[in-house]
Amino acid sequence: MQQIDFLQVGGFRVGQAEDAQAGTGVTVLLFDECAPSGVDIRGGGPASRETPLLAPVADAAGLHALVLSGGSAFGLDAAGGVMRFLEERGIGFDTGITPVPLVAQSCIFDLGIGDKTVRPDGAMAYRACENASRTVLKQGCVGGGMGATVGKFCGAPYAMKSGIGAYAVQAGAIRVGAIVVVNALGDIFDVDTGRQIAGLRTEDGRGLRSTEQQMYAGIETVRNPFSANKTAANTTIGAVVTNAAFSKAELTRVASMAHNGFARAIRPVHTTADGDSIYACSVGHEKADFNAVGTLAAYVMAKAIGCGVRAARDGFGLPCASTLGTV
């Protein structure tokens with residue numbers, strides 16, 4: 001197994017656009033062909049669009065595009081711009097009248113960063129499509145990761161800046177990659193060393209402490225720490241892309257297994273204050289065991305989370321991991 005560039009998985013382009021001043025943005029995956037896809041949503045507060053298309057019993061063959069954005073539920077308007085971009089190029093489900101692009105979307109909550117009145121919209125998503133590339137993918141505070149933050153259990157003053165990350169590997173002819181917007185309530189851990197690299201900062205803001213320990217310390221209290229600390233503003237969203245050929249049912253299972261990558265790299269995870277969602281998309285025709293691909297999916301997802309944290313930069317009054325010296 002060897003590391004490859006995420007875009008080397010092939011079969012798709014990635015485009016990004018953002019408003020750096022407002023602190024929000026959008027990342028779009030444009031598939032060369034309608035890509036069979038599955039999704040597994042584990043968090044308690046997702047903002048998503050058209051995910052029922054991916055149910056194994058639904059008639060839709062897959063997706064023409066996938067959108068990962070900021071803006072919370074307001075940001076769901078962005079998918080309209082992607083649909084317009086694809087329809088203009090004759091891409092979509094053939095209705096006999098006009099092609100209807102199949103576009104799914106998930107959003108993070110980034111309204112507490114920058115300007116809460118500015119959200120990704122159709123125009124921003126259209127620009128992202130125009131920017132789509134097969135060879136260049138920026139990571140960190142760009143696209144859907146522009147307003148991403150982590151470590152928010154004790155409120156914004158102790159949080160850290162995060163971003164979007166990607167990682168991919170190749171094993172024989174099989175390629176598996178992950179792209180993820182890291183916007184977690186919890187702390188971030190390096191999958192190889194187990195060391196905390198981002199998350200809840202100490203009282204003086206110069207180091208890291210454990211969100212889990214803070215949570216356990218208040219386990220006997222009747223107050224709800226999520227509402228009390230106003231931490232219901234998270235959600236980590238991502239996608240696994242592989243050149244292995246799978247059905248929607250198998251890809252749903254791959255997406256489910258990829259959540260193990262979330263669990264390895266984010267603690268705590270899948271809380272009611274998160275809307276954690278993972279898509280799995282097939283962009284090739286190689287034959288492979290989906291159990292093996294699902295296992296790889298968990299690994300690349302955990303690595304991609306680390307990449308998103310390492311590539312982040314200071315912003316909106318919050319330090320990144322490189323500034324804190326934890327990576």
Side-chain angles (χ1 to χ4, degrees), residues 26-27 29 37-52 54-55 66-73 75-76 104-113 143-145 147-153 159-160 162-167 177-189 191 196 198-200 211-212 215 225-226 229 231-241 251-281 294 297-309 312:
V26 60
T27 298
L29 280 70
S37 303
V39 65
D40 189 350
I41 300 173
R42 298 282 181 91
S48 56
R49 178 188 187 276
E50 293 280 49
T51 52
L54 308 184
L66 174 63
V67 183
L68 306 175
S69 82
S72 187
L76 293 172
Q105 179 179 0
S106 285
C107 305
I108 67 167
F109 189 104
D110 58 3
L111 302 180
I113 293 292
T149 53
V150 298
K152 291 166 277 187
F153 185 76
M160 290 180 63
S162 183
I164 190 170
Y167 192 89
I179 186 167
V180 59
V181 180
V182 189
N183 190 61
L185 167 77
D187 305 323
I188 309 301
F189 294 81
V191 66
Q196 184 178 347
L200 180 62
T211 293
E212 288 182 312
M215 182 181 289
F226 299 115
N229 294 327
T231 56
N234 310 288
T235 298
T236 298
I237 54 177
V240 171
V241 186
L251 288 161
T252 300
R253 186 61 179 170
V254 170
S256 178
M257 295 176 73
H259 273 283
N260 292 331
F262 274 20
R264 292 173 190 170
I266 305 171
R267 298 201 295 269
V269 72
H270 301 146
T271 73
T272 56
D274 295 288
D276 301 327
S277 306
I278 297 180
Y279 297 82
C281 309
Y299 174 71
V300 296
M301 183 59 74
K303 293 287 285 186
I305 289 168
C307 290
V309 166

> Do you know the tightest heavy-atom contact between Ala255 and Gly38?
Replying inline: CB-O, 4.3 Å
>> So Thr235 and Pro46, do their side chains get closer than 4.5 Å, heavy atoms only?
In response: no
> Say you draw a straight line from CG of Leu68 to CD1 of Ile179; how long is it, rounded to the nearest 0.5 Å?
Replying inline: 6.5 Å
> How far does NZ of Lys152 sit from CG of Leu200, to the nearest 0.5 angstrom?
Replying inline: 12.0 Å
> From Thr149 OG1 over to Asp110 CG, what is the distance, rounded to the nearest 0.5 angstrom?
Replying inline: 8.5 Å
> Considering all heavy atoms of both residues, which atom of Asn183 and which atom of Phe109 are nearest to each other, and what is their separation?
Replying inline: ND2-O, 3.2 Å
>> For Arg42, is there any backbone N or O sitting under 3.5 Å from a side-chain donor or acceptor partner on Asp276?
In response: no
>> For Val182, is there any backbone N or O sitting under 3.5 Å from a side-chain donor or acceptor partner on Ser162?
In response: yes
> Which pair of non-hydrogen atoms, one from Arg264 and one from Ala302, has the smallest distance, and what is that distance?
Replying inline: CB-CB, 4.4 Å
> Got a second to check how far Ser72's OG is from Ile108's CD1, nearest 0.5 Å?
Replying inline: 9.5 Å
> Hey, what do you get for NE2 (His259) to OG (Ser277), rounding to the nearest 0.5 Å?
Replying inline: 6.5 Å
>> Holding to side chain to side chain donor-acceptor pair (under 3.5 Å), I want the full list of residues that pass it with Thr236, two or more places apart in sequence or in another chain.
In response: none
> Is the backbone of Ala184 close enough, under 3.5 Å, to the side chain of Asp274 for a donor and an acceptor to pair up by distance?
Replying inline: no
> Which residue, Asp40, Val39, Leu251, forms the side-chain contact (heavy atoms from CB on, under 4.5 Å) with Ser256?
Replying inline: Asp40
> Can you name the residues that form a side chain to side chain donor-acceptor pair (under 3.5 Å) with Ser48, not counting sequence neighbours?
Replying inline: none
>> Testing the basics here: between Leu66 and Ala239, what is the closest heavy-atom pair and its distance to 0.1 Å?
In response: CD2-CB, 3.6 Å
> Between Thr27 and Gly144, which heavy-atom pair has the shortest distance, and what is it?
Replying inline: OG1-N, 2.9 Å
>> Distance check, rounded to the nearest 0.5 Å: Phe262 atom CZ versus His270 atom NE2?
In response: 6.0 Å
> Among Leu76, Val26, Val181, whose side-chain contact (heavy atoms from CB on, under 4.5 Å) with Cys107 holds?
Replying inline: Leu76
> Mind checking whether Ile188 and Ile266 have side chains closer than 4.5 Å, heavy atoms only?
Replying inline: yes
> Can you name the side-chain contact (heavy atoms from CB on, under 4.5 Å) partners of Arg267, sequence neighbours left out?
Replying inline: Phe189, Glu212
> What pair of heavy atoms forms the shortest contact from Tyr279 to Gln105, and how long is it?
Replying inline: OH-O, 3.3 Å
